[in-house]
Number of protein chains: 2
Amino acid sequence: MFVKIKLAMKNLISNIKIAVNDKLYVKDPETSDLGKKIIQNSILLIDEIGFELFTFKKLGDRIQSNESSIYRYFENKHKLLLYLSSWYWTWIDYNLVFSITNINNPVEKLEKAILIVTQNITDDLDTPHINEEILNRIIISEFTKTFLTKEVDEENKEGFFIVYKRVVNRLIDIIKEVNPNYKYAKSLASSVVEGALHQQYIKKHFKTITNFNENDDVTQFYIELVKKTLS
Amino acid sequence: MFVKIKLAMKNLISNIKIAVNDKLYVKDPETSDLGKKIIQNSILLIDEIGFELFTFKKLGDRIQSNESSIYRYFENKHKLLLYLSSWYWTWIDYNLVFSITNINNPVEKLEKAILIVTQNITDDLDTPHINEEILNRIIISEFTKTFLTKEVDEENKEGFFIVYKRVVNRLIDIIKEVNPNYKYAKSLASSVVEGALHQQYIKKHFKTITNFNENDDVTQFYIELVKKTLS
DNA sequence: CTGAATTGATAGTAATACTATTAATATTGT
DNA sequence: ACAATATTAATAGTATTACTATCAATTCAG
């Protein structure tokens with residue numbers, strides 16, 4: 001029965017187009033083949049060579065298209081990364097909402113929510129042109145850079161980070177449900193979401209300062225940490 | 001008596017040159033006036049315009065020196081940022097070690113250590129050409145970028161991040177002293193050090209997902225979190 | 001006070017991050 | 001089926017960046 005409901009939800013999600021803030025693109029990449037190719041291959045190329053070395057020229061070469069055509073979809077690579085990030089957090093948000101629907105026990109809800117934001121991601125086959133596992137790797141190594149810029153405040157006002165903050169706010173609400181008297185619900189929630197990305201990064205690159213191996217989930221660490229902090 | 005010892009230590013620190021991994025520079029900037037000017041003004045300029053827009057040309061203009069002269073000290077701006085970061089973490093490490101010397105109670109040690117890595121920094125007058133308050137702002141907004149690159153693993157092997165990891169390791173040791181049975185000492189310590197930077201950033205830029213105002217210390221949040229987690 | 005080291009000035013290169021223009025191709029509406 | 005329109009491709013061009021190389025000027029040290 002539970003499985004059936006989950007499948008029904010999954011079907012639902014596969015028909016919902018993930019809507020991204022329209023200030024992030026010049027032309028919506030979801031509306032054309034070239035657009036989808038840009039999204040799909042930018043994810044692969046950024047994963048391969050990193051965001052710093054990624055250019056629209058290289059992407060054009062890879063998809064046998066022209067640099068200038070890519071500029072018709074995105075103003076610059078920073079906006080493209082913001083687009084990919086918004087897409088990712090929207091997808092996480094859907095998963096979060098679905099995973100806690102119909103669950104009434106706050107602690108159970110908390111555990112499910114933490115799982116969603118901390119677990120290792122595998123590809124979601126409902127989105128053929130986007131590989132979530134690879135997108136997750138990009139988020140782990142590149143997302144932080146989207147807001148560590150001189151333009152944060154303007155871009156924040158334009159709503160480029162709302163989806164990310166929405167995910168954090170869902171966690172905040174659940175934390176408050178579990179313990180309405182806890183003083184630092186906001187900081188705890190934002191710590192978990194950002195911290196999970198950092199732990200996933202260092203388990204690959206700074207192995208001496210983490211207790212996890214590359215394939216481990218960091219989930220248990222965060223569930224224990226949050227539950228103890230709220231007790 | 002305690003104050004006297006602290007002052008004696010402070011005098012000690014003022015005579016100890018903060019040594020930075022010599023692979024990070026071409027010529028040691030501490031050995032010349034121009035070198036010190038480069039350090040001093042790179043901190044100010046990066047703080048003003050951000051690391052992305054910072055160039056050696058602009059720095060040269062500012063210190064009435066030449067771009068090519070700056071290249072005689074640092075290979076590129078990335079190495080310069082790594083230098084500043086190493087300097088910062090070495091300075092934090094000194095402060096950490098001094099603040100816990102002669103303290104035997106592990107919990108007290110823990111609280112002092114967390115204070116050092118989470119508190120708002122003010123200028124240390126023992127280092128005339130380096131303004132720690134501003135350097136701290138740079139670390140908050142730029143340090144994470146030093147390791148979120150495709151070259152992390154090589155640079156990590158070259159030891160560019162040892163001082164940072166040394167600070168984390170000091171915390172790990174103290175955490176283990178407080179609770180030798182806790183399974184995630186490493187991840188907890190690295191979470192606190194990186195998390196504190198993130199909380200300090202968002203209290204300025206993403207105010208809705210933190211419980212702190214710009215001038216608040218995030219220390220209390222972390223002390224409570226760690227103590228509860230270890231209990 | 002002379003030779004070595006340091007710094008400054010200038011020039012040059014390849015790559016990046018675009019903009020502009022025009023041509024080629026595909027799509028659509030009637 | 002065909003003209004109008006939209007989309008994409010190709011090419012060229014610009015300012016800036018991130019350097020390297022060379023040589024002249026200055027400083028410093030024995």
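In what follows, chains carry the letters A, B, and so on, assigned in the order in which the sequence lines appear, proteins first and then strands, with residues in each chain numbered from 1.
Y25(B) has its OH atom 14 Å from the P atom of dT6(C), to the nearest Å. Summarising the geometry, the separation between CG on N76(B) and P on dC19(D) is reported as 5 Å, rounded to the nearest angstrom. The CG atom of D61(A) sits 13 Å away from the P atom of dT11(D) (whole-angstrom rounding). Atoms CD1 (I70(A)) and P (dT16(C)) sit 14 Å apart, rounded to a whole Å. In this structure, CG of L59(A) is placed 14 Å from P of dT16(C), rounded to the nearest angstrom. Rounded to an integer number of Å, the gap from CG of D33(A) to C1' of dT27(C) is 13 Å. Note: CZ (F54(B)) to C1' (dT16(D)) measures 16 Å, nearest angstrom. One atom, CD of E75(A), and another, P of dA17(C), lie 15 Å apart when rounded to the nearest Å.
In this structure, K77(A) is not positioned above the aromatic face of F54(A) in the sense of NZ or CZ being under 6.0 Å from the six-membered ring centre and within 45° of the axis. The side-chain tip of K23(A) does not point at the ring of F160(A) from less than 6.0 angstrom away and within 45° of straight on.
Between F143(B) and W89(B), the gap from one ring centroid to the other is short of 6.0 Å.
Checked against dT10(C), dA18(D), dT17(D), the side chain of K58(B) finds its nearest nucleotide in dT17(D). Nearest nucleotide to the R72(B) side chain, out of dT22(D), dT17(D), dA17(C): dT22(D). Among the nucleotides dC18(C), dT10(C), dA18(D), the one closest to any side-chain atom of S68(B) is dT10(C). When the nucleotides dT17(D), dC19(D), dT7(C) are ranked by their closest atom to the side chain of L34(B), dT7(C) comes out on top. The side chain of N66(B) lies closest to dG8(C) when the candidates are dG8(C), dC19(D), dT11(D). The nucleotide whose nearest atom lies closest to any side-chain atom of K27(B) is, among dA18(D), dA9(D), dT7(C), dT7(C).
Distances shown here put a side-chain N or O of S32(B) below 4.0 Å from the OP1 or OP2 atom of dT7(C). Between dT7(C) and Y73(B), a contact under 4.0 Å exists linking OP1 or OP2 to a side-chain N or O. Proximity of K77(A) to the phosphate of dA17(C): a side-chain N or O atom is located under 4.0 Å from OP1 or OP2. Taking only side-chain nitrogens and oxygens, S69(B) comes nearer than 4.0 Å to OP1 or OP2 of dG8(C). Note on S65(B): a side-chain N or O is less than 4.0 Å away from OP1 or OP2 of dG8(C).
Within the nucleic acid shown, Y71(A) comes within 4.0 Å of at least one base atom, counting heavy atoms only. Using a 4.0 Å heavy-atom cutoff across all strands shown, E67(B) reaches at least one base atom of the nucleic acid.
Salt-bridge formation is detected for the pair E52(A)/K145(A): a Lys NZ or Arg NE/NH1/NH2 atom is positioned less than 4.0 Å from an Asp or Glu carboxylate oxygen.
Partner of Y73(A) under the side chain to side chain contact (heavy atoms under 4.5 Å, CB included) criterion, out of D28(A), V26(A), L34(A), I39(A): L34(A) alone.
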Please determine whether side-chain contact (heavy atoms from CB on, under 4.5 Å) holds for the pair Y164(B) and E194(B), giving the CA-CA distance in whole Å, both sets of side-chain angles, and the decisive distance to 0.1 Å.
CA-CA 10 Å; Y164(B) 172 64; E194(B) 170 68 15; 3.8 Å; yes
